[in-house]
Structures are given as structure tokens and as C-alpha cells.
Amino acid sequence: MTATRVLVLNSGSSSVKYQLLDMRDSSRLAVGLVERIGEETSRLKHTPLIGGGAEEREREEPIADHEAALKAVSAELAADGLGLDSPELAAIGHRVVHGGLKFSAPTVITDEVLAEIQRLVPVAPLHNPANITGIRTAQALRPDLPQVAVFDTAFHTTMPESAARYAIDVATADEHRVRRYGFHGTSHAYVSRETAKLLGKAPEDVNVIVLHLGNGASASAVRGGKCVDTSMGLTPLEGLVMGTRSGDVDPAVVFHLARVGGMSIDEVDALLNKKSGLIGLCGDNDMRVIRRRIDEGDEAAALAFDIYIHRLKKYIGAYYAVLGRVDAVAFTAGVGENAAPVREAAVAGLEELGLAVDGELNAVRSDEARLISPEYARVTVAVVPTDEELEIAQQTYALVGNRP
Ligand code: ADP
């Protein structure tokens with residue numbers, strides 16, 4: 001029997017998201033999520049997608065750690081005849097947030113690879129430890145199976161030094177590996193390729209600005225299929241205004257809050273990562289709620305929206321200049337795919353740059369990639385749904401799927 005299934009695991013500090021795909025047709029066999037691992041109220045949501053059914057099953061019970069979580073997932077999959085012990089499972093693909101400079105491509109996980117991911121923990125203290133736990137747990141469960149790491153940073157390793165380096169003392173930067181790595185790379189790779197497809201062109205022939213606007217948000221400039229700049233930096237904090245992250249601030253804000261505000265470094269870290277962005281500005285980070293509040297005349301929500309759009313527009317302009325010629329601007333992720341007012345406002349006033357949005361096309365709701373610019377526009381504006389799990393599964397399968 002040929003093994004054609006890939007399990008994709010995205011392990012966070014207290015959660016595991018998973019999808020099981022059949023790579024013969026890239027179809028999903030099951031999707032699910034374990035939340036609040038380590039708490040009394042852990043929850044597992046599992047949806048089998050075989051045999052026409054899509055009935056979600058939900059269990060609330062204490063799940064102590066990642067090992068227990070993966071065992072529970074395995075039991076749910078087994079109940080649908082999709083167990084992890086199946087010979088049809090070809091590999092497990094892991095989302096790994098930080099691959100540093102070493103990993104520019106998906107990589108079969110060996111002890112050395114795991115040690116390198118561990119070595120990167122100081123630059124990704126929130127994410128890499130959880131990814132490592134997920135990998136170790138999956139290895140223990142299926143030691144015979146290839147496990148592949150797909151890195152969030154990989155797509156950005158093509159950035160030139162001029163974009164990747166901060167203008168700080170080189171020796172200090174190098175000693176502490178301080179540079180711009182970028183994140184959401186799996187999404188930027190997938191969306192830039194899908195955008196080329198939508199234009200009927202090869203990725204090598206198009207320049208795209210990708211705007212990944214989810215709860216975390218980042219922009220990238222992609223020239224001929226290769227990333228040349230992206231808005232996140234050493235960590236995912238830099239760049240756009242996000243759900244709870246500030247994005248760009250003068251670094252002196254940190255010194256000021258420490259020296260004058262008496263805040264500790266950990267407090268400033270929490271402030272900028274968790275209590276800033278949209279939630280810091282208006283108390284909500286869900287764009288649906290913010291739009292509703294704006295419709296009701298709420299000024300704080302309106303200002304938060306304006307700040308969000310102002311930053312986004314600055315990045316569109318900056319990446320236009322970086323690329324010189326832009327063929328398409330692609331909106332993706334939760335906000336980018338669903339929030340028509342964000343797309344309209346981000347592009348408003350940029351007609352001189354060849355950018356425009358058609359009101360009617362922009363109002364269409366769909367899961368499909370689609371154009372939203374009028375025919376006369378020089379630059380195509382598109383909505384291109386991202387699919388990071390599919391991209392991870394495809395990269396994993398391409399690497400190990402056809403091994404005997
Ligand atoms: P994550 O970064 O957590 O993967 P997503 O890409 O799923 O985030 O995006 C989540 C965000 O998308 C929500 O916080 C919300 O702001 C936004 N969103 C989701 N659906 C809609 C919608 N219908 N209209 C406007 N915004 C939406």
C-alpha cells in the first residue's frame with residue numbers, strides 16, 4: 001500500500017492544531033484542535049471529513065500535556081479509521097516558527113536538526129519550545145515515521161542583507177543573531193504562488209505584495225517568487241499594527257517605559273506583544289467587532305481602524321518602492337480575506353500607483369481566490385485565501401512522500 005496521508009501539526013504552548021490530508025488529491029480527512037493543554041478545562045474539537053460527514057465532536061476533560069493531547073487526537077482519528085498507526089500515514093509535517101538562517105527549506109527532522117531548533121530558542125522563546133515538544137511527542141508515538149519541519153522563516157531567507165540587517169553594530173548583532181528573519185513565510189509563499197496562478201503567470205514572472213492580515217499580521221515584497229522584504233523582524237513584533245501587537249515603534253519607547261515608567265523588561269514585552277495593537281487602542285482585536293463599533297459611532301474604534309490602515313498603506317508604498325514594479329497586491333488571512341472595508345481603505349487614494357478596488361467585486365464573499373480591482377487598474381488587487389496546512393503538507397510530502 002502506498003502511504004499518501006500527511007498529518008500536519010501546529011503545536012503552541014498550550015494548544016495543538018492538526019489536519020490529516022490525503023495527498024493524492026490534497027483533500028482533508030480530518031481537522032481539529034486541542035486547547036488549554038495543562039488546564040482543568042482542556043478541550044478537544046475534532047471534525048472528521050470523510051464519507052460526506054463533517055460532524056464536529058467536542059470533548060472537555062483535563063489533558064495534562066502534549067503527549068496526552070496527541071494521544072487523544074490519535075484516539076479520535078482511530079475512531080474514524082484514520083489512526084496514526086495506519087500504514088497509509090506517510091509523514092508528519094510540523095510547523096516550526098523559527099528556523100534561523102540555517103533552514104531555508106523543509107527539513108527531515110534528525111537529532112541534529114532538533115538540536116538546531118533548540119539552539120534557536122533564545123530568538124523564539126515563545127514558539128520554538130512548544131514546536132520541539134510537539135516534535136518529540138510525535139516521534140515517540142511513531143518513531144519509524146519521517147517527521148518534517150516546515151519553517152515560518154524559510155521563505156524569507158532570500159531577503160538581501162540590505163533588508164535583513166538592522167543598522168546596528170555588526171559584531172553585536174552577529175554575536176546575538178540579531179537580524180530580520182520574518183514570519184508567516186509558509187503563508188507568504190503559498191499566497192504569492194497562488195496569486196501568480198490567478199494572473200495566469202509563472203511565479204518567476206510576477207512581483208507581488210502579500211498582505212497577511214490575521215490576528216498576527218505581516219506584509220511581504222515578493223519578486224519573481226522570492227521574498228525580498230517582509231515586515232516582521234527578529235520576532236513577530238515588528239511591522240504592521242496587529243490584533244494585540246504594536247508593530248513598529250521607536251525602540252526608545254522601551255527605554256522610556258523602563259526608565260521613566262518604571263516598567264520591567266518583561267512588562268514592556270507583555271505590553272507590546274499582548275496589550276497593544278488593536279486591543280490596546282480600542283479594547284477589541286476582532287475586526288468584525290471594531291467595524292460594528294465604528295458603525296455605532298465609536299471614536300476609539302474609528303481611531304484604531306485609522307491607525308491600522310495608515311500603517312498598512314505605508315507598507316504598501318514602501319514595498320512598491322522596493323519592488324519597482326508591482327503586478328499584484330494580495331490580501332489574505334482572517335482580516336484580509338473577510339474585511340472588505342480594510343481592503344478598500346488600504347488601497348484608497350493610490351490610483352496614481354495603479355491601485356484601485358472595485359466596490360462590487362470587493363463586496364463578494366467567497367472562499368476562492370478572486371480579483372477585486374477594476375479592469376482598467378494597472379495593478380491587480382486580489383483576495384487570495386491562505387492555506388498554511390496544505391502548504392506544510394505539500395512540502396512535507398514532496399520531501400518524503402515517495403520514499404520506498
Ligand atoms: P490567526 O492569526 O489567529 O491565524 P486568522 O487569520 O484566523 O488569525 O484571523 C483572525 C482575525 O480575522 C480575527 O481576529 C478577526 O479580526 C478577523 N476576521 C475573521 N473573520 C472576519 C470577518 N468576517 N470580518 C472581519 N474580520 C474577520
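Ligands are counted one by one from 1 in listed order, and the atoms in each one are counted from 1 as well. Keep in mind that this is a model prediction, so the values were computed, not measured.
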field: Ligand-residue contact atoms, ligand 1 with A339, heavy atoms, under 4.0 Å
entry: 25 (C)
statement: ligand 1 to R365, heavy atom cutoff 4.0 Å, flagged ligand atoms 23 (N)
- prompt: Does a donor on one side chain and an acceptor on the other come within less than 3.5 Å for H212 and S220?
  reply: no
field: Polar contact flag, side-chain donor to acceptor under 3.5 angstrom, T332-E337
entry: yes
Identity of the nearest option to atom 11 (C) of ligand 1, non-hydrogen atoms only, from N285, N215, L278: N215
query: Hey, is atom 3 (O) of ligand 1 under 4.0 Å from any protein heavy atom?
result: yes
- request: Please check if any side-chain donor atom of D80 sits under 3.5 Å from a side-chain acceptor atom of H46, or the reverse.
  value: yes
cation_pi(R179, Y166) dist<6.0 Å, angle<=45: no
query: Does a donor on one side chain and an acceptor on the other come within less than 3.5 Å for T4 and D22?
result: yes
- prompt: Do the two ring centres, one from Y181 and one from H156, sit under 6.0 Å apart?
  reply: no
task: For atom 6 (O) of ligand 1, grab the closest protein heavy atom and report residue, atom and distance to one decimal in Å.
output: G334 N, 2.9 Å
field: Heavy-atom nearest option to atom 26 (N) of ligand 1, drawn from M242, H184, M287, H212
entry: M287
Numbering as shown, the atoms of ligand 1 that approach A333 to under 4.0 Å (heavy-atom distance): 6 (O)
Flag, side chain of R343 to backbone of G336, donor-acceptor distance under 3.5 Å: yes
- prompt: Which atoms from ligand 1 have a heavy atom of G216 less than 4.0 Å away?
  reply: 2 (O)
message: Looking only at protein heavy atoms, which one is nearest to atom 24 (N) of ligand 1, and what is the separation?
response: R288 CG, 3.2 Å
task: Considering only non-hydrogen protein atoms, determine which one is nearest to atom 23 (N) of ligand 1 and report residue, atom name and distance to 0.1 Å.
output: N338 CB, 3.4 Å
- prompt: Side chains of D248 and Y315: donor-acceptor distance under 3.5 Å anywhere?
  reply: yes
task: Considering heavy atoms of the protein only, find what lies nearest to atom 15 (C) of ligand 1 and give residue, atom and distance to 0.1 Å.
output: D286 OD1, 3.4 Å
statement: of all protein heavy atoms, closest to atom 17 (C) of ligand 1 is V335 CG2, 3.6 Å
